[in-house]
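Lettering follows sequence order; numbering is per chain, from 1. Not measured: the values here are computed from a predicted model.
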2 protein chains.
Amino acid sequence: MSRQNKYSIGEFSKKTGVSIRTLHYYDELGLLQPEKNEESGHRIYYEKDIFSLHKIVSLKFLGYSLDKIKDLLDEASISADLNKTLALHLEGLEKEKEHIEHSMSAIKRVMNLLEKEGEVDSAVLFSLIRNTQVETDQKEWMEEHFLTGVAEELSKKSDEDKFTLDETLVQLSKDVKQLYGRPVEDMEVQAAVKRYIEASFAFLGEELIEKLADTEMEEAEIQELEKMAPSPFTEEEQQWLNRAMEYYAQQAEMEHS
Amino acid sequence: MSRQNKYSIGEFSKKTGVSIRTLHYYDELGLLQPEKNEESGHRIYYEKDIFSLHKIVSLKFLGYSLDKIKDLLDEASISADLNKTLALHLEGLEKEKEHIEHSMSAIKRVMNLLEKEGEVDSAVLFSLIRNTQVETDQKEWMEEHFLTGVAEELSKKSDEDKFTLDETLVQLSKDVKQLYGRPVEDMEVQAAVKRYIEASFAFLGEELIEKLADTEMEEAEIQELEKMAPSPFTEEEQQWLNRAMEYYAQQAEMEHS
DNA sequence: TATAAGACCTCACGTAACTGGAGGTTCAAG
DNA sequence: CTTGAACCTCCAGTTACGTGAGGTCTTATA
């Protein structure tokens, strides 16, 4: 009953589901070195090798590199400082997961946009993706600038809210492409600016916007921000838009007083 | 105002946060090929290159390979079949995410065990990790064998419940190591078996266990299952344990009737 | 204007965890 | 004895760069 089963590499591969080539590789690395028929050089695997392979595969699953695995296998007692290593690993996985979730969110936003709008200007698309991408950086930046509240609020926004804002941005970009060149006082231009600003207010809430507007920034910092969140517009368009928005702000100011 | 800013590769790298080597690489791949000073060979980047780089970085963020990105950049209209590609990518990311979550769950279970038990036999540890790892396979297998209900139930179990089951398994393995060799009718042996079986019942629920027991399997299928879920015991121990459990079942049967 | 520092150039190897192929040997069956 | 499958070793390629060698260009200062 306790006869030791022998396996050729092919059989072993089938039994364990690990490819022959990978077994060769593990042999080469010294992770799993089976007995060898001295004459033929053919590898001979036993039951115990199944255990070893399971260890390797398990550790790999936990996210260890083969290099680390080799160290771990060599160690007599595995549970020695395993706990620390595992905690560390868990952190790494957490980050990876967050990254993936961000990517997924970005993709969903893009897909949503494509679905609702059909064709979308690629500059807008990419500025949007980039925005999602640097969300973490932005959050950090805001926290550095004592805008912790803003950062918190923003990360609480649902995907739905973001969808809405995305669509607003698309609308704005269409408006800009169409209206660029007209005087900033033009009624249609002002109407477009109004739509955009109101949507932004709706998204952020008035307080947040004002807080942002009140934050003083140095030139270098503005550059920093730009690096993080590229505008979908050309420099000229952006400047024209800025003027239009300033004009809008002035008008609003006057009405208020 | 519309003077075209020029950047050396170093400046460009600082402005965009992309390393010089990476810029070289993108140039080599044809992803972003800036102008060159013919005499010196030094690269000259302009504002427009910032846009291009943003595109590349964005697509990379979405998970595309540089190769794919090149294709996408070459295409005139990006939104052509982007939607399909994105959907596909989303699926891939979903799978990656699930994998990571599985790994995290496995790590947590192991950490929990180490914390509560101190030292744990590595065979048990690995059989447990392996179990988590092949959870998906097991689920598929069960569904193939018309045990959809069981599969569903199992994946609904909380981490807490799994922790408890883990501890039971550890207990059993300790018992087996200690009691192996004694006759299966031995009182302590039977007590250990009882503890284990009752804990399993508590975890799975009686119906599920019976359903599983009633499922007829062929030899090949049993092998399949073994491949998925390795026992932490040696073959001899496992056989001894099986006999002990059979004996337990007989006794239980007799009491019932 | 000479020189030195620093920025830039190309070339080429190293990484992780394999996969794939070439070219040759061994095994098992007929 | 042959034939085909299974096995062997060695080498190359994959991704997205990092790193370093060895040489050229630019720019600031003496």
Side-chain angles (χ1 to χ4, degrees), chain A residues 6-46 49 52-53 55-73 89 92-93 96 99 103 133, chain B residues 6-46 49 52-53 55-73 89 92-93 96 99 103 133:
Chain A
K6 279 179 169 186
Y7 303 99
S8 73
I9 196 170
E11 291 161 349
F12 194 72
S13 167
K14 266 187 199 142
K15 193 171 173 65
T16 60
V18 174
S19 80
I20 291 181
R21 199 57 193 81
T22 299
L23 290 171
H24 281 163
Y25 185 57
Y26 289 170
D27 186 354
E28 193 186 323
L29 289 190
L31 279 176
L32 178 61
Q33 293 179 314
E35 210 178 298
K36 277 192 169 190
N37 180 327
E38 283 302 332
E39 293 167 37
S40 68
H42 286 196
R43 292 168 178 82
I44 308 163
Y45 292 88
Y46 294 99
D49 294 317
S52 304
L53 189 58
K55 273 196 198 181
I56 295 170
V57 176
S58 299
L59 289 170
K60 215 158 64 77
F61 177 71
L62 293 187
Y64 287 97
S65 71
L66 296 185
D67 220 43
K68 279 264 173 229
I69 293 178
K70 206 183 165 195
D71 294 347
L72 288 175
L73 289 182
H89 238 90
L93 288 177
E96 260 186 75
H99 181 114
S103 298
Q133 181 183 354
Chain B
K6 279 178 168 186
Y7 304 99
S8 72
I9 196 169
E11 292 162 347
F12 194 73
S13 166
K14 267 188 197 140
K15 193 170 173 68
T16 60
V18 174
S19 80
I20 292 182
R21 181 58 182 100
T22 300
L23 291 171
H24 280 164
Y25 187 56
Y26 289 171
D27 187 354
E28 193 188 324
L29 290 189
L31 279 175
L32 178 60
Q33 294 178 314
E35 210 178 297
K36 277 191 169 192
N37 180 327
E38 283 303 331
E39 295 165 36
S40 69
H42 287 196
R43 291 168 178 81
I44 307 163
Y45 290 88
Y46 294 100
D49 294 317
S52 305
L53 189 57
K55 273 196 198 181
I56 296 170
V57 176
S58 299
L59 289 170
K60 215 159 64 77
F61 176 71
L62 293 188
Y64 287 98
S65 70
L66 296 185
D67 219 43
K68 279 264 174 231
I69 292 178
K70 206 184 165 194
D71 294 347
L72 289 175
L73 289 181
H89 238 90
L93 288 177
E96 262 186 72
H99 180 115
S103 298
Q133 182 184 353

Nucleotide N/O of nucleotides 23-30 of chain C paired with protein N/O under 3.5 Å:
none

(request) Return no unless some side-chain N or O of B:Arg43 is found under 4.0 Å from OP1 or OP2 of C:dC9. (result) yes
(message) Nearest whole Å is fine: how far is C:dC8 C1' from B:Leu23 CG?
(response) 13 Å
Scan the side chains in residues 63-73 of chain A for donor-acceptor partners under 3.5 Å anywhere in the protein, sequence neighbours excluded, and list what turns up.
unit_1: A:Ser65; atom_1: OG; unit_2: A:Lys68; atom_2: N; d: 3.2
unit_1: A:Lys70; atom_1: NZ; unit_2: A:Leu29; atom_2: O; d: 3.4

(request) Could you list the residues that satisfy side-chain hydrogen bond (donor to acceptor under 3.5 Å, both in side chains) with B:Glu11, not counting sequence neighbours? (result) none
(message) Restricting to side-chain contact (heavy atoms from CB on, under 4.5 Å), what partner residues turn up for A:Thr22, sequence neighbours left out?
(response) A:Val18, A:Ser19, A:Tyr26
(message) Let me confirm one number: the NE2-CD distance from B:His89 to B:Glu96, rounded to the nearest 0.5 Å.
(response) 8.5 Å
Please list, for nucleotides 11-15 of chain C, all pairs of protein and nucleotide N/O atoms separated by less than 3.5 Å.
none

(request) Would you kindly give the OH-to-C1' distance between A:Tyr64 and C:dA17, to the nearest whole Å? (result) 18 Å
(request) Verify the contact: side-chain N or O of A:Lys60 to OP1 or OP2 of C:dC18, cut-off strictly under 4.0 Å; return yes or no. (result) yes
(request) Can you sort out the partners of A:Ile20 under side-chain contact (heavy atoms from CB on, under 4.5 Å), two or more places apart, ordered by chain and number? (result) A:Ile9, A:Ser13, A:His24
(request) Please report the C-alpha distance between A:Leu32 and A:Phe12 in whole Å, then the side-chain angles of each, then the deciding distance to 0.1 Å, and finally whether the side chain to side chain contact (heavy atoms under 4.5 Å, CB included) criterion is met. (result) CA-CA 12 Å; A:Leu32 178 61; A:Phe12 194 72; 4.3 Å; yes
(request) Tell me, please, the opening and closing nucleotides of DNA chain D, 5' to 3', among those with an atom under 4.0 angstrom from a non-hydrogen atom of chain B. (result) D:dA16 to D:dT26
(request) Only counting residues at least two apart or in another chain, list the ones meeting ring-ring contact (aromatic ring centres under 6.0 Å, His included) with A:His42. (result) none
(message) My understanding is that only residues two or more places apart in sequence, or in another chain, count here; which of them pass ring-ring contact (aromatic ring centres under 6.0 Å, His included) with A:Tyr25?
(response) none
(message) Check the phosphate of C:dT19 against A:Thr22, side-chain N and O only, distance under 4.0 Å to OP1 or OP2. Yes or no?
(response) yes
(request) Could you please spell out the steps behind the side chain to side chain contact (heavy atoms under 4.5 Å, CB included) verdict for B:Lys6 and B:Tyr46? (result) CA-CA 5 Å; B:Lys6 279 178 168 186; B:Tyr46 294 100; 3.5 Å; yes
(request) Could you tell me the separation between the OH atom of B:Tyr7 and the P atom of C:dA7, rounded to a whole number of Å? (result) 18 Å
(request) Name all residues meeting the side-chain contact (heavy atoms from CB on, under 4.5 Å) criterion together with B:Asp27; count only those two or more places apart in sequence or in a different chain, and write none if there are none. (result) B:Gln33, B:Pro34, B:Lys36, B:Arg43
(message) Applying ring-ring contact (aromatic ring centres under 6.0 Å, His included), can you list everything that pairs with B:Phe61, at least two apart in sequence or on another chain?
(response) A:His99
(request) Measure the spacing between OG of A:Ser8 and NZ of A:Lys15 and express it to the nearest 0.5 Å. (result) 12.5 Å
(message) Give the residues of residues 25-36 of chain B touching DNA chain D, defined as any heavy atom closer than 4.0 Å, sorted by residue number.
(response) B:Tyr25, B:Tyr26
(message) Can you confirm whether B:Glu28 is buried at CD, in the sense that more than 12 heavy atoms of other residues, nucleotides or ligands lie under 6.0 Å from that atom?
(response) yes
